[in-house]
A.B. asks: 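What follows is a structure written as structure tokens; I'll ask about it next.
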Amino acid sequence: MRADIAVLGAGIVGICVALHLQKRGRAVVLLDRRGAAEETSFGNAGLIQREGVYPYGFPHDFGALIRYGFNRTIDAYYHPSALPKLAPFLRQYWRYSRPARHAEVARRYSKLIEHCVTEHQALAEEAAATQFLHRTGWLKVFRTERERDLRLEEAARWNREFGIDYRALDARTLRELEPHVAPVLVGALHWTEPVSVDDPHGLALAYLAAFERLGGRFVQGNAASLEPDANGWRLRSAQGDVLAREAVVALGPWADVLTRALGYDLPLAVKRGYHMHYPMLDTERGYFLAPMRRGIRLTTGAEFALRDAIRTPVQLGRAEPIARDLFPLAERLDTEPWMGARPCTPDMLPVIGRAPRHANLFFAFGHAHHGLTLAAVTGRLVAEMMTGEAPLVDPAPYSPARFG
């Protein structure tokens, strides 16, 4: 099976890369070991976060560090046995999260974020998938006036610096908007520009179907079988060998398995997360409730662990009773919690661009909490770079070469 380009990894990022390349007349094979979007892209919170100009940083507040150190919070949890291996990553992550450096990261990150809604809207229209997108924004709710005032002040600053729209809701307006929420909240921050996706897996499959209608091929195979070939790259798949002139690594949390085999030492780690369904971000408790077609999805914060370590959904156990006090949840619909792994870099920027030592290899991974958010714009950016078009945004800040 011959192709111009092989895209490795059929998560939402890989699908968008493949679709954009196929739209530009390239013959693309999209390869994954499982079905499309069945890993991390399956169970996210379903938000295209236009407001997410500041990627999630490592806390520098002493009180927060003490709370996390006791390992009893909902928004962050860690496996003590994983800390020795994670320590180098966490050390760099902490350095990049210092206020001045975090602000510089945000300036670079915002160049991608500002296109996230428009690029998804364009793909959804082409894929006849706009029914999955809802321009409702999302609510960050507050239990204390102190936290409310801090976050509203922050929102005002982001509005001045990045032009992000929001509105402040007092307790009465919040109750009118969400009458089923218990009267324990003092207000909310309504981010009005983000888009809610009520079935992230369904959206990904719609993009995949658009890719296939254009002549793209999706095959199951082992990305780790990638090896140089006389004319480019060779891969093994269930449909036979795939021969491609160029390849794109879009393997999310598994990207390092392949990049290390190819001689790259990129500082990658994962933040794991869990969800359950029941038929708002509670910012001071650290969980998120999102309406999905299957029911209300309760998602946790970050779990710092090795990617393949045993599942430990303790954050869900801590979050569920608090969420029930706030919102009238029914019984669980899932027999077991779902878990996904978010691929992260210490500087919080994704890895997008040409591999430093392989002219015919590109990387597209490391989107952390914003895989869905940045998938469409990443797909366009990679396709523009590979086809010689003028890129929508300057790709230099996201280059793999920044890690040496």
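We're numbering straight along the sequence, starting at 1. Quantities reported herein were computed from a predicted structural model and do not represent experimental measurements.
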A.B. asks: If the threshold is 4.0 Å, N to carboxylate O, is there a salt bridge linking Glu114 and Arg50?
C.D. replies: no

A.B. asks: Indicate the ring-plane relationship of Phe363 and Phe365, choosing parallel, tilted or perpendicular according to the 30° and 60° boundaries.
C.D. replies: tilted

A.B. asks: Looking at Arg107 and Glu161, does any basic side-chain N land under 4.0 Å from a carboxylate oxygen?
C.D. replies: no

A.B. asks: Do Asp347 and Arg95 meet the salt-bridge criterion of a basic N to acidic O distance under 4.0 Å?
C.D. replies: no

A.B. asks: Do Glu212 and Arg217 meet the salt-bridge criterion of a basic N to acidic O distance under 4.0 Å?
C.D. replies: no

A.B. asks: Considering residues at least two apart in sequence or located in another chain, which fulfil the salt bridge (Lys or Arg N to Asp or Glu O under 4.0 Å) criterion with Arg101?
C.D. replies: none

A.B. asks: Hey, which of Leu235, Asp241, Leu258 is the one that makes side-chain contact (heavy atoms from CB on, under 4.5 Å) with Ser225?
C.D. replies: Leu235

A.B. asks: Using 30° and 60° as the class limits, which term best fits the ring planes of Trp191 and Trp158: parallel, tilted or perpendicular?
C.D. replies: parallel

A.B. asks: Other residues, nucleotides and ligands only: do more than 12 of their heavy atoms fall within 6.0 Å of CZ on Arg236?
C.D. replies: no

A.B. asks: Answer yes or no: is there an ion pair linking Arg234 with Asp229, defined by an N-O contact shorter than 4.0 Å?
C.D. replies: yes

A.B. asks: Should Arg324 and Glu320 count as an ion pair when the cut-off is N to O under 4.0 Å?
C.D. replies: yes

A.B. asks: Do NZ/NE/NH1/NH2 and the carboxylate oxygens of Arg311 and Glu336 come within less than 4.0 Å?
C.D. replies: no

A.B. asks: Is the charged tip of Arg357 near the ring of Tyr264: under 6.0 Å from the six-membered ring centre and within 45° of its axis?
C.D. replies: yes

A.B. asks: Under 4.5 Å between any side-chain heavy atoms of Leu289 and Trp138, yes or no?
C.D. replies: no

A.B. asks: Can you confirm whether Asp61 is buried at CG, in the sense that more than 12 heavy atoms of other residues, nucleotides or ligands lie under 6.0 Å from that atom?
C.D. replies: yes

A.B. asks: Relative to each other, are the rings of Tyr54 and His102 parallel, tilted or perpendicular (30° and 60° limits)?
C.D. replies: perpendicular

A.B. asks: Is the shortest distance from a Lys or Arg side-chain nitrogen in Arg307 or Asp256 to a carboxylate oxygen in the other one below 4.0 Å?
C.D. replies: yes

A.B. asks: Is the ring pair Trp94/His60 parallel, tilted or perpendicular, if the boundaries are 30 and 60 degrees?
C.D. replies: parallel

A.B. asks: When you compare the side chain of Leu268 with that of Pro346, does any pair of heavy atoms fall below 4.5 Å?
C.D. replies: no

A.B. asks: Do the non-hydrogen side-chain atoms of Ile48 and Pro194 ever get within less than 4.5 Å of each other?
C.D. replies: no

A.B. asks: Aromatic rings His79 and Tyr77: how do their planes relate, parallel, tilted or perpendicular, breaks at 30° and 60°?
C.D. replies: perpendicular

A.B. asks: Under 4.0 Å between a Lys/Arg side-chain N and an Asp/Glu carboxylate O for Arg157 and Glu153?
C.D. replies: no

A.B. asks: Would the number of heavy atoms belonging to other residues, nucleotides or ligands and lying under 6.0 Å from NZ of Lys23 be above 12?
C.D. replies: yes

A.B. asks: Within a radius of less than 6.0 Å around CZ of Arg72, do more than 12 heavy atoms belonging to other residues, nucleotides or ligands occur?
C.D. replies: no

